[in-house]
There are 2 protein chains.
Amino acid sequence: MRTHAVVEATQVDAASLLRGAGLRVTKPRTAVIVALAATPHASADDVFQAIAIALPGTSRQAVYNVLGDLADNGLAQRIEPAGSPARYELRVGDNHHHIVCTSCGAVADVDCAVGHAPCLTPHHTAGFVIDEAEVTYWGTCADCQQLARVPDSSSHASAIQGETP
Amino acid sequence: MRTHAVVEATQVDAASLLRGAGLRVTKPRTAVIVALAATPHASADDVFQAIAIALPGTSRQAVYNVLGDLADNGLAQRIEPAGSPARYELRVGDNHHHIVCTSCGAVADVDCAVGHAPCLTPHHTAGFVIDEAEVTYWGTCADCQQLARVPDSSSHASAIQGETP
DNA sequence: CGCATTCTTTTGACTGAATCAAAAGAAGGG
DNA sequence: CCCTTCTTTTGATTCAGTCAAAAGAATGCG
């Protein structure tokens with residue numbers, strides 16, 4: 001579903017992304033970035049699985065470290081939908097939100113429909129100073145709608161990336 | 001900050017709330033409802049602590065069971081801000097959202113500023129059917145703003161309920 | 001190019017939050 | 001008042017993630 005070229009390009013700029021953030025370029029970091037580019041909204045475990053192929057022997061802890069470093073340095077964004085382990089994506093710095101499937105947990109991006117929308121600036125804030133508004137939509141993904149219509153088609157695994165248009 | 005009468009009243013309707021939902025009226029359930037009425041946005045552990053006083057000997061598991069039952073039957077709402085254990089509130093059925101303090105984790109309610117706002121209906125939904133939009137605001141609560149100005153005032157414990165106006 | 005310093009990774013123990021399951025105990029209908 | 005069914009207790013177990021020490025790599029510098 002994704003051209004070969006895109007994946008290779010990602011491989012190349014992993015290094016410059018890391019250098020740009022003042023982080024050392026290491027194999028686990030490069031591999032994590034490549035994995036996230038190929039599979040947006042992957043969990044730490046998804047990344048670990050993906051990397052086990054490209055870079056066998058990488059520890060689970062390294063994956064947690066790398067994902068944490070990427071998030072801390074603005075190279076990745078962490079999202080934590082209720083009931084799901086944390087997920088990560090390289091798309092950062094733009095104002096976008098997420099739809100989560102309540103039945104399989106699949107996540108897709110949604111561009112903010114109305115920019116800096118009025119409803120995202122609440123009226124009385126109980127004394128809080130607001131930094132950002134996070135919107136999570138809950139619904140049913142295309143695959144699960146399908147399954148609901150035609151029950152009993154068996155399990156429906158890795159629904160993590162498919163949803164991204 | 002809350003009148004005695006309110007707490008007693010809550011005690012009374014715990015039973016009818018439960019019966020209305022077809023649930024048996026038990027001491028742990030009543031106690032959990034009373035605790036949630038007194039402390040909105042409490043975590044399971046907060047509730048457990050609170051109940052340890054009113055109803056010693058109640059198990060932690062019972063608290064999880066009750067909170068789960070309340071949520072499943074629409075008597076309570078579960079919210080799960082990133083980085084925090086699940087929190088529960090009795091305020092259900094209205095369209096309101098939450099502000100979470102990024103430094104102490106305090107949670108406060110926010111009424112949806114624009115009702116069923118336009119920005120809560122995204123344009124292209126990647127094939128999802130949307131059920132609901134959940135908005136979480138992130139910011140700094142009044143207490144933590146204070147602490148930031150006057151550093152070194154020591155720790156700042158139970159900030160769970162204080163924020164509710 | 002090679003070395004020293006500093007940052008990363010590995011390994012393995014450990015925590016917090018929550019769930020599962022079996023047995024004992026209480027609520028409510030008759 | 002008893003019986004059935006639902007709840008609670010107890011204790012083990014899982015999942016996701018963190019902590020810490022020791023071993024190993026990446027960069028800067030000579």
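Lettering of chains follows the sequences in order, A, B, ..., and the numbering in each one begins at 1.
Within the 3.5 Å criterion, the main-chain N or O of B:Asp13 finds a donor-acceptor partner in the side chain of B:Ser16. For B:His96 (side chain) and B:Val110 (main-chain N/O), no donor-acceptor pair under 3.5 Å exists by modelled atom type. With B:Arg19 contributing its side chain and B:Arg24 its backbone, the two residues share no donor-acceptor pair below 3.5 Å. Put simply, the side chain of B:Ser59 gets close to the backbone of B:Ala62: a donor and an acceptor are under 3.5 Å apart.
Note that CZ of A:Phe48 is 11.0 Å distant from CG of A:Leu55, once rounded to the nearest 0.5 Å. A distance of 13.0 Å separates CD in A:Gln61 from OG1 in A:Thr58, rounded to the nearest 0.5 Å.
Across B:Ala108 and A:Phe128, no two heavy atoms sit closer than the pair CB-CE1, 3.8 Å.
On the nucleic acid side, DNA chain C has its first and last nucleotide under 4.0 Å of a heavy atom of chain A at C:dT6 to C:dG12, going 5' to 3'.
Residues in residues 33-43 of chain B take part in no salt bridge (charged side-chain N to carboxylate O under 4.0 Å, His left out) pair, two or more places apart or across chains. Residue pairs meeting the salt bridge (charged side-chain N to carboxylate O under 4.0 Å, His left out) criterion with at least one partner in residues 70-80 of chain B, sequence neighbours excluded, do not occur; the list is empty.
For DNA chain C, the neighbouring residues in residues 58-67 of chain A, judged by any heavy atom under 4.0 Å, are A:Thr58, A:Ser59, A:Gln61, A:Ala62, A:Asn65, A:Val66.
Between B:Ser84 and A:Gly57, the residue whose closest nucleotide on DNA chain C is further toward the 5' end is A:Gly57.
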Next on the checklist: So if I define the base as every atom that isn't primed, P, OP1 or OP2, how would nucleotides 25-30 of chain D read as a B/S/- string at a heavy-atom cutoff under 4.0 Å?
Outcome noted: BBS---
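The salt bridge (charged side-chain N to carboxylate O under 4.0 Å, His left out) test applied to B:Asp45 returns B:Arg60, not counting sequence neighbours.
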